[in-house]
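Here is the structure we will look at, set down as structure tokens.
Excluded from the calculations below are hydrogen atoms, water molecules and symmetry mates; all remaining heavy atoms, backbone and side chain alike, are included.
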Amino acid sequence: MASIRRTLSPAFRDRPYVNGAGSPFSVPSPSQKLLSSSRYSPPFPSVILAFAVNVRRFVAGVLFHLPNRKGQQWRRGFYRCLLFFFLGFLLGLLPFGHVDDDEIPGRSNFDIEPPHVNVQFDTGNADPAVKRREDLVVDVSFGVVERSLDLVPRKQLIIVTPTYNRALQAYFLNRLGQLLGLVPQPLLWIVVETDTASMETAEILRKSGVMYRHLVCGNNSTSAKDRGVYQRNTALEHIERHRLDGIVYFADDDNIYSLDLFDRLRDISRFGTWPVAMLWQSKNKAILEGPVCNGSQVVGWHTNEKSKRLRRFHVDMSGFAFNSTILWDPKRWHRPTSASIRQLDTVKEGFQETTFIEQVVEDESQMEGTPAGCAKVMNWHLHLEAHTLVYPKGWQLPKNLDVVLPIER
């Protein structure tokens, strides 16, 4: 039997085949077509082509290929999160266009106009507490509120209170502390004691809810006149040393004050004064002591005591207030001397006020009467001391009363 042997063609045997590219039975890949077509078109940059291929492989491997090994699962999850984070970051940087409402015809801004209010002001009202408010325009545009209102910060009030241990001390301090708690802030209450700071006073100050400073006067005097002078001088020295800015007012704990007084203290520029109603020590009559005003100008003084007619200024200690910068900034107020302003303990009782005021102002032209006309009493000086009562330590009675009545049932 004759056998037929087929021999391979030398043309196919000698042709090199790289990755099957030259095989007669292979289909040309897109990359081969791209390379073949590059003979007739401009060459594509190889760097960009390689980058595009790598990005394609990375995206395909992250999104579509399943992990072959268990160790590669967390890597592919991390790469996916990184990819979507990068895409979101790029989208956030893209400038998206917006349309202004002004460019759209027939559409206006979201402006809310205040309703018209017909308000009539009584021009004949002489009460300075009634003030005319300017119109408040509120412009609401896209949720943003613009208020054309100038906010003026309040002046700080520096209230100086000398006190000492006595039967009614807790009552007086609690009453004054509750009143100061109703005064709008800022307010600083300086309480000065003699020789030592008692725990009872410190507890009252902590419970008052008012910002305070508890000072101790080193000069221990048995005289009521000298004790108050030394305590106020301790507070004045503290204000001068720390350069506290505000309106200083000497408020004794046994006096009675109205809230209107503390509101008007903030209107004082340099030195303000007002009349004070005083109950005579014999409690058989009341007198009025303070300025006589024409508007806010001081033109005279109220006084009913013959022994005090020699005083230059007839003012009670609780009937004036002044700017604290006078104590530590003499150049601002053109003071002739830079000596410290203090109350004098060498003068007779009743002359501490006038000798102190003479150091602050020169005459009535530098004073401000408040309220206008000085026709309103805003605080009262009452002599309600109970000298026969004993001061209980800690405000607590260690034992019951002497007489105990049984409860009848």
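Across Asn379, Asp252, Asp254, a single residue satisfies side chain to side chain donor-acceptor pair (under 3.5 Å) together with Ser318, and that is Asn379. Checking each of Val210, Ile158, Val160 against Trp189 for a side-chain contact (heavy atoms from CB on, under 4.5 Å) leaves exactly one that passes, namely Val210. Each of Phe313, Phe320, Phe356 was checked for a ring-ring contact (aromatic ring centres under 6.0 Å, His included) with Phe271, and the lone residue meeting it is Phe320.
Applying the side chain to side chain donor-acceptor pair (under 3.5 Å) test to Trp333 and every residue at least two apart in sequence or in another chain returns Thr325. Under the rule for a side chain to side chain contact (heavy atoms under 4.5 Å, CB included), the partners of Arg266 that lie at least two apart in sequence or sit in another chain are Arg154, Lys155, Leu157, Val183, Pro184, Pro186. Considering only residues two or more places apart in sequence or on other chains, Asp316 meets the salt bridge (charged side-chain N to carboxylate O under 4.0 Å, His left out) condition with none of them.
Annotation: side chain of Arg213 is in contact with side chain of Leu244 (closest heavy-atom distance under 4.5 Å). Using a 4.5 Å cut-off on side-chain heavy atoms (C-beta onward), Ile341 and Leu236 make no contact. Between Gln169 and Ile204, the closest side-chain pair of non-hydrogen atoms is not below 4.5 Å. For the pair Ile268 and Leu265, the minimum side-chain heavy-atom distance is below 4.5 Å. Counting heavy atoms from C-beta on, the side chains of His302 and Val292 come closer than 4.5 Å. In this structure, the side chains of Thr370 and Asp267 stay at 4.5 Å or more apart for every pair of heavy atoms. Side-chain contact between Val192 and His238 is absent, with no heavy atoms from C-beta onward closer than 4.5 Å. Counting only heavy atoms from C-beta outward, the side chains of Met378 and Pro371 approach each other to under 4.5 Å.
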For Trp274 and Leu261, run side chain to side chain contact (heavy atoms under 4.5 Å, CB included): C-alpha distance rounded to whole Å, both residues' side-chain angles, the deciding distance at 0.1 Å, then the answer. CA-CA 9 Å; Trp274 54 89; Leu261 170 63; 3.5 Å; yes
Report the C-alpha separation of Leu180 and Tyr212 in whole Å, then their side-chain angles, then the decisive distance to 0.1 Å, and conclude whether the side chain to side chain contact (heavy atoms under 4.5 Å, CB included) test is met. CA-CA 11 Å; Leu180 296 180; Tyr212 71 91; over 6 Å; no
Audit row: Thr354, Val315, side chain to side chain contact (heavy atoms under 4.5 Å, CB included) steps and yes/no: CA-CA 7 Å; Thr354 182; Val315 188; over 6 Å; no
Could you please spell out the steps behind the side chain to side chain contact (heavy atoms under 4.5 Å, CB included) verdict for Met317 and Arg232? CA-CA 11 Å; Met317 189 64 71; Arg232 296 186 188 96; 3.8 Å; yes
Ser365 and Asp363: CA distance, side-chain angles, deciding distance, side-chain hydrogen bond (donor to acceptor under 3.5 Å, both in side chains) verdict: CA-CA 6 Å; Ser365 62; Asp363 51 20; 2.4 Å; yes
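Ring pair Tyr249/Phe262 is perpendicular by interplanar angle, where above 60° counts as perpendicular and below 30° as parallel.
The structure places CD of Glu200 at 8.5 Å from CD of Glu193, a figure rounded to the nearest 0.5 Å. Rounding to the nearest 0.5 angstrom, the gap separating the CG atom in Leu90 from the CZ atom in Phe85 is 10.0 Å. One distance of note links CD of Gln156 with CD1 of Ile247; it measures 10.0 Å at 0.5 Å rounding. The CD atom of Gln359 sits 10.0 Å away from the OG1 atom of Thr337 when rounded to the nearest 0.5 Å. With rounding to the nearest 0.5 angstrom, the CG atom of Asn165 is 6.0 Å from the OG1 atom of Thr201. Distance check: Leu259 CG to Leu182 CG gives 5.5 Å after rounding to the nearest 0.5 Å.
With respect to the salt-bridge test (charged N to carboxylate O, under 4.0 angstrom), the residues Glu364 and Arg312 qualify. Salt-bridge annotation for Glu240 and Arg342: present, with a side-chain N of the basic residue lying under 4.0 Å from a carboxylate O of the acidic one.
Among all heavy-atom pairs drawn from Ser338 and Pro330, the shortest one is CB-CG, 4.1 Å. Summarising the geometry of Cys293 relative to Gly369, their closest heavy-atom pair is SG-CA, 3.8 Å, with the distance given to 0.1 Å. Contact detail for Gln366 and Val361: the closest heavy-atom pair is OE1-CA, 3.4 Å. The two atoms that bring Gln352 and Val229 nearest to each other are CG-CG2, 3.8 Å, heavy atoms only. The shortest heavy-atom contact between Thr163 and Gln231 is O-NE2, 2.9 Å. Minimum interatomic distance between Ala251 and Thr161 (heavy atoms only, all atoms of both residues): O-OG1, 2.8 Å.
Applying the 6.0 Å contact sphere to CD of Glu358 captures more than 12 heavy atoms from other residues, nucleotides or ligands.
Within the 3.5 Å criterion, the main-chain N or O of Gly350 finds a donor-acceptor partner in the side chain of Arg311. A donor-acceptor pair under 3.5 Å is absent between the side-chain atoms of Glu289 and the main chain of His314, judged by distance alone. Under a 3.5 Å cut-off, the side chain of Asn233 and the backbone N or O of Gln343 do form a donor-acceptor pair. For Asn323 (side chain) and Ser269 (main-chain N/O), a donor-acceptor pair under 3.5 Å exists by modelled atom type. With hydrogens and angles ignored, the 3.5 Å screen pairs no side-chain donor or acceptor of Ser324 with any backbone N or O of Val248. A side-chain donor-acceptor contact under 3.5 Å links Thr273 to the backbone of Gly319.
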